[in-house]
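All remarks here apply to the structure that follows.
Letters A, B, ... mirror the listed sequences (proteins, then strands); counts begin at 1.
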Amino acid sequence: MANERYNAPVNEKRWQKIWDERQTFRTTEDKSKPKCYVLEMFPYPSGRIHMGHVRNYTMGDVLARYKKTKGFNVLHPMGWDAFGMPAENAAIERKIHPAKWTYENIAAMKSQLKSMGLSLDWSREVATCNPDYYVHQQHLFNDMLAKGLAYRKTSKVNWDPVDQTVLANEQVIDGRGWRSGALVESRERMQWAFKITAYAEELLDALKTLEKWPEKVRLMQENWIGRSEGLMVRWQLDAATAPVGHSELEIFTTRPDTLYGASFMAVAPDHPLAKIAAENSKSIAEFCDECRRMGTSVADIEKAEKRGIDTGIKARHPLDPTWLVPVYVANFILMDYGTGAIFGCPSGDQRDIEFARRYGLPIVPVVVPKDDPARTQALAKIHEGTAYDGDGVMINSRDLNGMAPKAAFETIAAKLEKLRLGNQPVATRKINYRLRDWGISRQRYWGCPIPVVHCNTCGIVPVPAHELPVQLPDDATFDVPGNPLDRHPSWKHTNCPKCNQPALRETDTMDTFVDSSWYFARFTAPDAKTPIDATAAKYWLPVDQYIGGIEHAILHLLYSRFFTRAMSATGHLPKTMAEPFGALFTQGMVVHETYKSSSGSWLLPTEVVFEGEGDARKATEIATGQPAEIGSIEKMSKSKKNLVDPDDIIAHYGADCARWFVLSDSPPERDVIWTESGVAGAGRFVQRIWRLVEEVADGKGAKRGEKKPANFSPEATELRRTTHKALHAVGQNIEGLRFNVAVAQLYELTNATASAIAKAAPDTTWAVREATEHLVQMLGPMMPHLAETCWERLGYNTLLADTSWPATEQSLLIDASVTLAVQVNGKRRDELTVPRDASLADIEKAALALESIIRALDGKLPKKVIVVPQRIVNVVA
RNA sequence: GCGGGCGUGGCGAAAAGGUAGACGCAAGGGACUUAAAAUCCCUCGAUGGCAACGUCGUGCGGGUUCAAGUCCCGCCGCCCGCACCA
């Protein structure tokens, strides 16, 4: 029946049910086919999906569905990053058990994701909070422990004394706990850590091999790892001033060439030497305490200010024992980097020059530009307090004078390596990394328990494999601050697996980044009895296309890369497996305009109406009739109310429409602006496709399966060319994730098909049928429900999801004639249509014969004619 | 401060160094309709011209090239990371 609107909600539910029943998207492992593992970053089960999820999962789904039509075994799984703080907050605030809260959220979000019609293999679903998942994580942990990749160390943490918990850096706001508001203390605490630094070099080097990762992400990781080459230099302390038992101070420097410019040394407030000095001096102790207090983000307030205090200790210059340099404690020295101590060369380092000026220390230029006027300028700047850290030539540096800094570096390094202090070389070459080991201890309930026992006799004992999982107790309480596992009356009491004496369980749980560092591997065999099934992992990994937000550019992706190596080292993955994600794509956000009422409160997009355009565009608040302010376009957020609920859109326009819109407007790596009119446009397109298909099915096109004519009219051939060009281009653009361009090409094919029908040229019905069928097939990955419905309407009783991407007829991709632009002196003057294989001479002749070209030449003789076949003709006069 | 990215119509955007603005949105005009919605057709960078057609135009200033949105140099603006890393 024609003229009936396409009913999205009804059809969408129908096809979802059919796909479900027929297990259309169940993963296959047909060995005769190539594999493709498509993965989107799994969500935290907050309870509701948002437009960002819609965009992320639609992109992955288009690729997964497309790859299926191209004959791949596709693995496209989904799961839940289900441990974490919000569940515990819900327990505290609303007295719901974290498990109940989480599983309810998973159920709700799963049903929302299902309403999007994603081609997911739900039989592989995992939730990281499920003991079936985390039991394997505990196995992995123990294996890493045995290999020395997991260990305990004391590290500094942000301690919230009211909530009695450790806070992440981002949970410390202006030095106070984000929830309690208490002043956060910097405390030393025994923490579990993973030895990611053991792989620093490799994680850095292998970045080069990740050619299908965004350059930006590789760069961010490179900076994060922060490799620098330098020298460890031991300075002898002057015995007259040094504390008893301290005879030397070791520093790390990347600029040994500037050693003759040294004017002070500085150590971190937590450096052992600073601590000794603090014991003997009240003012030093006070200074160190002060530094510790501003440890976290208060640093921002006085960030520029370099301050310190003289310890009275002197160090001997390694190249001149008569040269004594004062040792300071300084607030800008980090204990975690290098040795927590430096030598200061003020002329070459901005921090050092500020420090030196403040404390009246010498500032001797040692590196300056080779020639004037740059040299004079640099010297003047140093005099004014701006360090020079460029290349140039050494001065004031004794035997180094005249050398380039690089040569000076080598000279000094060679010299100091030979010099001895207490029978050891004064200096050794050292490669230093900014990357630190990954602290995974969290004093929380809702995380994976660290499966070890503390025994007074045996020390740290891993829980044996057959006793895993160490499961979270169900009856924890959340009404008071602190770690629920630690205060649980019985949970932590156990017996030592080794000596069977009473012992205590570890009550720390793992950072949730651990959970997400190996889930992609678990998906390859989610029911395996071991953490990883080597055969499945070998087949499916690496992930062929990983898609997610740029916010995970560093931590999640780096941890996953580390974990993959750790899993190889512990025998869970093949030895050759290093990189988990072969290709990475980071998609942009979904953003929306913001609106404010005249009273200053935020308004929902549905609470305003608009008129006018451009600068004259005005918004009015519907409820009050008052003008509303149109604010900036920002990431959708609850607080600014610039939200669009996927449920509402799906209920109103259908999932296909929402999918189409998020694919259509912007390049996928850029932010997409959600506009109501844009969605409405997508909705119109859905109806337009449906009308087109109805017309074709009802006689404007040939019948299904009708024999292909031997000859086609020019009009039919034209349409066929458009169709086959689209097949090629849309396929290429989906593979390249240029969805917005693919969408535009589908619009063009739709327009071409519709106008062919409207013109009703002779002998076009077969071509119209072909165009329409292929159009529907190409729409399949993007708007799968609509496409299935159209496929059915076109007379098929098979699933479109099971069909192959149509083959292109190569001959139709090549036009018999081509239109060239004809330029005179680079300016376009006319066009010329010539046979595709026309000779250069013929083209030139035809171009020069064009009336417009003759006119443009204005009697001048062409000096040169450039003919680029199938492109352009440029007449140079 | 360091690093990276981006600047193209009223808007989102296309464009292997080769006809700038495909495609969509918005807007304007028209058809159909008692009317509206829906749909269909036309116009739509600026400017001059009745028109044919011309001139200018991809943040700004230079350069390379037969030819530059695209490549190079120097600015300006916006956005995003990282930030005392010795």
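- With both pairing distances under 3.5 Å, B:A52 is matched to nothing as a Watson-Crick or G-U wobble pair.
- Residue A:S677 has its side chain nearest to B:C25 when only B:G12, B:U19, B:C25 are considered.
- Heavy-atom nearest nucleotides on RNA chain B were determined for A:S755 and for A:T675, and the one closer to the 5' end corresponds to A:T675.
- One interatomic measurement links the two molecules: NZ of A:K306 to C1' of B:A83, which rounds to 11 Å at whole-angstrom precision.
- Within a 6.0 Å sphere centred on NE2 of A:H728, other residues, nucleotides and ligands contribute 12 heavy atoms or fewer.
- The distance between the ring centers of A:W660 and A:Y747 falls below 6.0 angstrom.
- Whole-Å rounding puts the A:D336 CG to B:A86 P distance at 14 Å.
- Taking atom C1' on both nucleotides, B:G57 is separated from B:G9 by 11 Å, rounded to a whole Å.
- Side-chain nitrogen and oxygen atoms of A:R670 include none within less than 4.0 Å of the OP1 or OP2 phosphate oxygen of B:G5.
- Considering only the side chain of A:N740, B:A13 comes nearest among B:G24, B:A13, B:U19.
- With B:U19, B:G12, B:C23 as the choices, the nucleotide that has an atom nearest any side-chain atom of A:A744 turns out to be B:C23.
- Shown here, B:A27 forms a base pair with B:U43; the pair counts as Watson-Crick or G-U wobble because both key distances fall under 3.5 Å.
- Taking 3.5 Å as the limit, the base of B:C80 and the side chain of A:K216 contain no donor-acceptor pair of atoms between them.
- In plain terms, the two heavy atoms of A:N642 and A:M636 that are nearest each other are O-CG, 3.2 Å.
- The distance between atom CD of A:Q870 and atom P of B:G18, rounded to the nearest whole Å, is 14 Å.
- Closest of all the heavy-atom pairs between A:G52 and A:Q587 is O-NE2, 4.0 Å.
- Counting non-hydrogen atoms under 4.0 angstrom, A:I333 reaches a base of the nucleic acid.
- As rounded to whole Å, 16 Å separates atom C1' of B:G24 from atom CG of A:L749.
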Could you run through nucleotides 61-66 of chain B and give me one letter per nucleotide, 5' to 3': B if any protein heavy atom sits under 4.0 Å from the base, S if only the sugar-phosphate is that close, - if neither? -----B
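- In this structure, the nucleotide among B:C84, B:A13, B:U19 sitting nearest to the side chain of A:I872 is B:U19.
- In this structure, A:Y337 and A:F252 have perpendicular ring planes: the angle between them is above 60°, well past the 30° mark.
- Of the listed nucleotides (B:C85, B:A14, B:A83), B:A14 has the atom at the smallest distance from the side chain of A:P667.
- Using a 4.0 Å heavy-atom cutoff across all strands shown, A:S664 reaches no nucleic acid atom at all.
- By the rule that a glycosidic angle within 90° of 0 means syn, B:G48 does not qualify and counts as anti.
- B:C80 sits 35 Å from B:G28 when the P atoms are compared, rounded to a whole Å.
- Comparing the P positions of B:U43 and B:G24 gives an interatomic distance of 14 Å, to the nearest angstrom.
- Whole-Å rounding puts the A:E354 CD to B:G1 C1' distance at 11 Å.
- Under the Watson-Crick and G-U wobble criteria, each requiring two contacts below 3.5 Å, nucleotide B:C6 is paired to B:G77.
- In this structure, A:G226 and A:A680 both approach RNA chain B, and ranking their closest nucleotides by distance from the 5' end singles out A:A680.
- Taking atom CD on A:Q587 and atom C1' on B:C80, their separation rounds to 15 Å, with Å as the unit.
- A:I872 approaches A:A821 most closely through the heavy-atom pair CG1-O, 3.4 Å.
- Among the protein residues, A:Y747 comes within range of the sugar-phosphate backbone only, with heavy atoms under 4.0 Å from sugar or phosphate atoms but none that close to a base.
- Backbone-only contact: A:G681 has heavy atoms under 4.0 Å from sugar-phosphate atoms and none from a base.
- Nucleotides B:A22 and B:A13 place their P atoms 15 Å apart, quoted to the nearest Å.
- Partner assigned to B:U33 is none, using Watson-Crick or G-U wobble distances below 3.5 angstrom.
- For A:V366 against A:Y260, the heavy-atom pair with the smallest separation is CG1-C, 3.9 Å.
- Residue contacts shown for A:K863 are absent, as no nucleic acid heavy atom lies under 4.0 Å away.
- Within the 4.0 angstrom heavy-atom criterion, only backbone atoms of the sugar-phosphate kind lie near A:R829; the bases stay farther away.
- Heavy atoms of other residues, nucleotides or ligands lying less than 6.0 angstrom from NZ of A:K725 number more than 12.
- Using C1' as the reference atom, B:U70 and B:U19 are 16 Å apart when rounded to the nearest Å.
- Distance from the side chain of A:R684 is smallest to B:U39 among B:C82, B:U39, B:G3.
- As rounded to the nearest Å, B:U65 and B:G48 have C1' atoms that lie 32 Å from one another.
- Taking only side-chain atoms of A:S228, from C-beta outward, the nucleotide of B:A86, B:C56, B:C23 with the closest atom is B:A86.
- With hydrogens and angles ignored, the 3.5 Å screen pairs a side-chain donor or acceptor of A:T339 with a backbone N or O of A:E250.
- Nearest to the side-chain atoms of A:L219 among the listed nucleotides B:G3, B:C85, B:U19 stands B:G3.
- When the side-chain nitrogen and oxygen atoms of A:R434 are compared with OP1 and OP2 of B:A83, one or more of them lie within a distance under 4.0 Å.
- Of the nucleotides present, B:C82 is the one that pairs with B:G1 by Watson-Crick or G-U wobble criteria, both distances under 3.5 Å.
- Atom C1' of nucleotide B:A38 and atom CZ of A:F685 are separated by 17 Å, given to the nearest angstrom.
- In this structure, the nucleotide among B:C84, B:U19, B:G54 sitting nearest to the side chain of A:R855 is B:G54.
- Relative orientation of the A:W674 and A:F661 rings is perpendicular, given thresholds of 30° and 60° on the angle between their planes.
- The side chain of A:E748 lies closest to B:C23, out of B:A86, B:G12, B:C23.
- Closest heavy-atom contact between A:Q221 and A:L557: NE2-CB, 3.5 Å.
- Rounded to a whole angstrom, the distance from the P atom of B:A67 to that of B:G77 is 32 Å.
- Across A:E201 and A:Y433, no two heavy atoms sit closer than the pair OE1-OH, 2.7 Å.
- Note: CZ (A:R828) to C1' (B:G54) measures 13 Å, nearest angstrom.
- When the side-chain nitrogen and oxygen atoms of A:N751 are compared with OP1 and OP2 of B:G24, one or more of them lie within a distance under 4.0 Å.
- Atom P of B:G21 sits at a distance of 38 Å from the matching atom of B:G3, rounded to the whole Å.
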